[in-house]
Amino acid sequence: MTTGFSSGSCRFADYFVICGLDTESGLEPDELSALCQYIEATKFRDGARGKLAGANEGENFEQSPLRRTFKSKVLAHYPDNVEWNPFDQDAVGMLCMPKGLSFRTQVDSREPQFHSFIITREDGSRTYGFALTFFEEVTSKQICSAMQTLYHMHNAEQYDILHTPTSPQGLEDQLRQHTQPRPMLHAAPAISRLQRFNSYDISRDTLYVSKCICLITPMAFAQACRKVLQQLHQAVTSPQPPPLPLESYIFNILYEVPLPPSGRSLKFSGVYGPVVCQRPSTSELPLFDFAISEMFNLLGVENVLQLFTCALLEMQILLYSQHYQRLMTVAESITALMFPFQWQHVYVPILPASLLHFLDAPVPYLMGLHSNGQDDRTKLELPQEANLCFVDIDNHFIELPEELPQFPNKLEFIQEISEVLMFFGVSPEGNIHSSDSQAKLQNLRSVDMVSDKCNGNLASPLNSFLLRENETIARLQALVKRTGVSLEKLEVREDASCNKDARVQCNEEELKMHQLNIQVREVFANRFTQMFADYEVFVIQPSQDKESWFTNRDQMQNFDKASFLSDQPEPYLPFLSCFLETQMFASFIDSKILCHDDEEKEHTLRVFDARVDKIRMLNVRTPTLRTSMYQKCTNIEEAEKAIEMRVSKIDHTALHPHLLDMKIGQGRYEQGFFPRLQSDVLSTGPTSNKWTKRSAPAQWRRRDRQKQHAEHLYLDNDQREKYIQEARNLGTTIRQPKLSNLSPSVIAQTNWKFVEGLLKECRNKTKRMLVEKMGREAVELGHGEVSITGVEENTLIASLCDLLERIWSHGLQVKQGKSALWSHLLHYQESKEKKNATPGGLGPPGKGLIHDAERRKSDGGGSAMPPLKVSLIQDMRHIQNISEIKTDVGKARAWVRLSMEKKLLSRHLKQLLSDHELTKKLYKRYAFLRCDDEKEQFLYHLLSFNAVDYFCFTNVFTTIMIPYHVVVVPSKKLGGSMFTANPWVCVSGELAETGVLQVPRNTLEITFECQNLGKLTTVQMGHDNTGLYAKWLVECVVVRNGITGHTYKFPCGRWLGKGVDDGSLERILVGELMTPSTDNDERMCRTPPMQQSPGMMRRFVTISPNSKPKLNTGQIQEGVGEAINGIVKHFHKPEKERGSLTLLLCGEYGLVWALEQVFQHGFKSPRLFKNVFIWDFLEKAQVYFESAEQREVTPDENWQTRVRHFCRFMRAINNTPRNIGKDGKFQMLVCLGARDHLLHHWIALLADCPITAQMYEDTALIKDRSLVNSLIRVLQTLQEFNITLEASLVKGIGI
């Protein structure tokens, strides 16, 4: 995709380049690629000894001289320089012949190979190169004899190896030095074999060497360039010389062929035939001229879609193939399909051998690595694989990172792409053995099929040859039928393509390629227009001016992610929440913010917005209503028509090549050799050129330049430059490797940039996560959105894990396992366990002391249970014991989650890195983990996570077994020493509950293991009322999760026993998470704790009526309002992030407490020491209602129903087999009333009941008409919510 063209250019090609063997300097080993071959070879020896040897060893004598690589040079390039696109000799030389020169003899195949490449400049703009490599006979005697000498040396060397009489041990050593162990052969056959394969005999063989001709162009017209180069090559090899000297054609393409203006087509002359290229208009998808079908042939739809997902989520992507053109085609196709988004990171579709160290880059990249066709994947040592998508193009195989989310509507999407491919005769499965020629053949076959179809020979596409061969497609086709997509539509389209007028100017095959390309691209683009149809609503326009917006760009939120996600269908969330965090999405939204009107918009944005508007007009739907209905692409037809129009009616024809002003005798050359061209005629363009005079093209040139600038925003120049730099650097410090020769200082500088980049990324990530978590306070500071969804929190934590993996894999000495972090932890664990095993080494000193100090410091209820010992190794063991986690990457992620939840991530990593010896052993000097300042800052950023509570381990690993420890703390004053009954508890959490557990009477604590309960919510506790003294005053219950160390305190402060307090033998306690009191430097601020259960407040209220805090009616009303408000807010949150409803009902200041206050107000208390409970009043009211019903006092139908309900609930609660006291019964009644939306009816009933008049003072709230009415109105708001109660609250009640 042409993201930024080189802006000055309005010519079709900027340079014509020739690369090859420089006979002056002779044969120089290409140190870089030899070095790489050598490294590859030594890898099989000892992973750790990766010290690089000198070039002579690097030349790698295992390789026969014909297989070695030698330095290639740029022999000539015309013109010398173009101001808008300075010639970059290093880069062009490297990319024209990425592996240097290669030699062949007459027995080897010498087919010319075409490949394209891309050069990305510092500012992100690109130029394209198209290269044709062919073999020429070597005429220089020195070169031939040099090759002969190399062979003699090589053969002697091989002979020595095979004949050295040594002990088997020594022999093995020697072989190991010579890289791949090869089968031992008897000497004679070995030598003959050597001679047969590795032979070059100067008297007998002809030596050929590779040469490359290349066009450097501002836009990627791949097909046109390929034709031009092939025709030039054909001119040199054909027996008849071409009509004009080669200079004429090259001059023509360099100076007389313009770029076609947008929306137009252009025809110019090659050596033997016309070449047509066409460029899409401003309202179409951007120019793309590679064959997408090739990618589907090589990988198959399923794999392409997975690769596409990885690219969208900015994973590291490594393409691997023997063919440069395949690397380029796949990379360009994938990035083109991302429209309207653009890949923002390192993009090197062909990685020259000299830049292999770039694979170490701890940033997202999309790179192509050339394979030599012999090594398999296992021998490829990659620095980091935790987050790598590895695509082995030639073997139709793709390795994905773990936990890759599904692309939305994946199946329907695959189905739609497959239909397009099948229509063109391309198998959706991919065709593993596809090559260019085969693809052509298929194309031709499908063309025949179509024309045959017009004669009515085929019943339907179902009978096509492809489908008979391929069951999968037949299954797909059946699926298509089932889903009700008619195949008739396909046929109509086929007929239409038959009756096309035959005036198409480019060949059938090329037109087919354009049609298939545009159809597939439209299908992909349509997915994004559907998914982001109303993205504009969620763009946060900056409040300040542009200048300050640039300055604070890092901290600003530019898109309301939470609101956007809350509108999306559930299945899309895993993918979308990750995608919204990417750099490409942020840049897309930035460009939206920066252009206000259509004129300013970047091309892609303008096209995308136009499509979005169209979709909105088509389905005029409410902006918030989302369905996951799959909507197919509808604008394929018109996109195709535009192309056919341009191809059938050519808009512009360039000048024909003509004789140049050359001396007689110049321009002749030998057949089979590409000549040194006449530089004097090629180095400058024509002084007067027909097309520079014409006015129309001048206008298109101006428009062109504007369009090319559209990417570089319409601000004044300084600002624009600044913006581009800002946008490029955002979140990534390094965009492109510099294609220059390698020196240690360059590598060091590159790595230093990586270190800075990682630190910056860490700072931004921690900030973003804290902002999300802290919510409201942060929003007031203008930082971001209010809520964070479970999905989104997961995304952020997953991206933190990726960042840690990238940091840990930067500068590794030797890679072990897929997760660098986990392998470091394992090394640490091993070294610690060794130390502890040696007698005398009693573990690290001071551990026990810390432990005691913490125990002393810990507070109140917590003293019942000392905090867990802080131990990195113990946390690792917990993870190792979880059988569900199978991979290293998974273990590392789980360990990070656990440490986050325990607020120990920074501390653990600090401890891990404090073992300097180990870090030195594992990491190179330049690694991030060995840059002390950066490492300190990094740990400090992670420390800020201790400010908030994460449950990212508990909430994710829901099925694992966890040990829990429960302690019951009896009141100190009235200790339970005489207590004779047998206590029991039952612990409930958000995920499950334990069932009844007996607690031993003498210790009052138990430890048990059960499946993860989630965050704990309630504890039911009671006793069996046996023995002489079955009365028990309990202070609280403390429960601790043995893995995460989370300790919950469930305050009680009430009696359990008959005839004491409210006569309750069991109670439901609501808990809160206790904050551990750790050392001051480890603590920062905290988010407010969860609410507590109604301990003290209710105790005052009921135990001694005299001391009750008198709340006035205003305060009581406020209490009810707050309680209801809490419940309403709870239901307005997305389901995944709601807290515990139990807390809102029964916790401190919850609904039960609030209604208790209502009924306590103005309650007459008969005698000083006798407690009167609200339940007593309710029972009296029940008796009254039941008798009134029998007497049929009030005929009102409504009243009767309400009374019936009230009495039914009262009876059910009184008859429950559980030994709940009066307050427990009141709590149950309120919860059930809330669940069945009856509370407001009951309040109305009780306010009118004569019993109320007897039992309440005149000032009581319940007697005040207006107050009661407002109370009823408030309670009515609960009617719209579907309240489900935790099982522990309503056990034993069958209503």
Side-chain angles (χ1 to χ4, degrees), residues 6 12-22 30 33 69-79 85 87-102 104 110-120 126-136 208-237 246 249-250 253-254 270-271 275 277 289-291 294 319 321-332 348-355 368-370 436 673-677 682 739:
S6 29
F12 181 83
D14 287 339
Y15 295 100
F16 178 78
V17 187
I18 307 172
C19 297
L21 167 65
D22 182 4
D30 179 0
S33 26
T69 49
F70 298 90
K71 255 192 196 142
S72 67
K73 293 263 172 73
V74 174
L75 302 177
H77 61 94
Y78 312 100
N85 180 5
F87 187 73
D88 183 343
Q89 183 130 353
D90 279 339
V92 173
M94 269 183 195
L95 291 165
C96 278
M97 304 183 101
K99 285 227 162 163
L101 294 174
S102 42
R104 298 270 189 280
R110 302 188 304 281
E111 280 297 296
Q113 292 290 327
F114 171 81
H115 79 272
S116 39
F117 57 86
I118 192 170
I119 298 175
T120 307
R126 295 173 174 181
T127 7
Y128 289 84
F130 299 95
L132 185 71
T133 309
F134 49 90
F135 284 90
E136 266 184 9
Y208 292 88
V209 67
S210 53
K211 188 174 227 174
C212 169
I213 50 176
C214 163
L215 281 174
I216 305 283
T217 64
M219 294 177 84
F221 290 107
Q223 306 307 319
C225 291
R226 184 178 202 149
K227 273 192 186 159
V228 171
L229 294 171
Q230 280 169 344
Q231 294 188 16
L232 281 171
H233 177 245
Q234 191 186 335
V236 179
T237 49
L246 288 187
Y249 300 105
I250 291 167
I253 191 116
L254 284 178
V271 185
V275 178
C277 62
D289 202 33
F290 294 84
E294 178 81 350
L319 309 173
S321 166
Q322 308 184 49
H323 306 274
Y324 295 121
Q325 189 53 18
R326 287 183 180 181
L327 294 173
M328 186 71 179
T329 302
V330 172
E332 284 287 284
V348 192
I350 295 174
L351 187 66
S354 56
L355 287 178
L369 189 59
H370 185 261
D436 287 355
F673 292 94
F674 201 90
R676 277 279 170 113
L677 302 169
L682 289 179
L739 294 173

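Only heavy atoms go into these numbers, but all of them, side chains included; no hydrogens, no water, no symmetry mates.
- Between M97 and C19 the shortest heavy-atom distance is SD-CB, 3.9 Å.
- Sequence neighbours left out, the pairs with a member in residues 210-219 that pass salt bridge (Lys or Arg N to Asp or Glu O under 4.0 Å) are E136-K211.
- When every heavy atom of P79 is checked against every heavy atom of L254, the shortest pair comes out as CD-CD1, 4.2 Å.
- Contact record, I119 with V92: CD1-CG2, 3.9 Å, taken as the closest heavy-atom pair.
- Contact of the Q113 side chain with the Q325 side chain is not registered, since no non-hydrogen atoms from C-beta on lie closer than 4.5 Å.
- The closest donor-acceptor contact from the side chain of S210 to the backbone of S102 lies under 3.5 Å.
- The structure places SG of C96 at 6.0 Å from CD1 of I216, a figure rounded to the nearest 0.5 Å.
- In terms of heavy-atom proximity, Y15 sits nearest to F87 at OH-N, 3.3 Å.
- Between P218 and F12, the shortest heavy-atom distance links the atoms CD-O, 3.3 Å.
- Distance check: L327 CG to S116 OG gives 10.0 Å after rounding to the nearest 0.5 Å.
- Contact check for I253 versus F16: no side-chain heavy atoms found under the 4.5 Å cut-off.
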Exercise for review: Please report the C-alpha distance between F674 and L246 in whole Å, then the side-chain angles of each, then the deciding distance to 0.1 Å, and finally whether the side-chain contact (heavy atoms from CB on, under 4.5 Å) criterion is met.
Suggested key: CA-CA 9 Å; F674 201 90; L246 288 187; 4.0 Å; yes

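- Between F290 and Y128, the ring planes lie tilted relative to each other; the angle falls in the 30° to 60° range.
- Side-chain atoms of D289 come within 3.5 Å of backbone atoms of A222 as a donor-acceptor pair (strictly under, hydrogens ignored).
- Put simply, CG on L132 and SG on C212 are 7.5 Å apart, with the number rounded to the nearest 0.5 Å.
- Between L101 and K71, the shortest heavy-atom contact is CD1-O, 3.1 Å.
- In this structure, the separation between CG on L229 and CD1 on I213 is 5.0 Å, given to the nearest 0.5 Å.
- F134 and H233 have tilted rings, their planes meeting at an angle from 30° to 60° on a 0 to 90° scale.
- Annotation: cation-pi pair R110/F135 absent, no NZ/CZ under 6.0 Å from the ring centroid and within 45° of its normal.
- Using a 4.5 Å heavy-atom cutoff, the side chains of L232 and I250 are in contact.
- A distance of 9.5 Å separates CD of Q89 from NZ of K73, quoted to the nearest 0.5 Å.
- Taking CG of D88 as the start and CE of M94 as the end, the distance is 9.0 Å to the nearest 0.5 Å.
- Using modelled atom types, no side-chain atom of H323 and backbone atom of H115 make a donor-acceptor pair closer than 3.5 Å.
- F117 is not listed as a side-chain neighbour of P98, based on a closest heavy-atom distance of 4.5 Å or more.
- With a 4.5 Å cut-off on side-chain heavy atoms, I118 and E332 count as touching.
- The shortest side-chain heavy-atom distance between R226 and F130 does not fall under the 4.5 Å cut-off.
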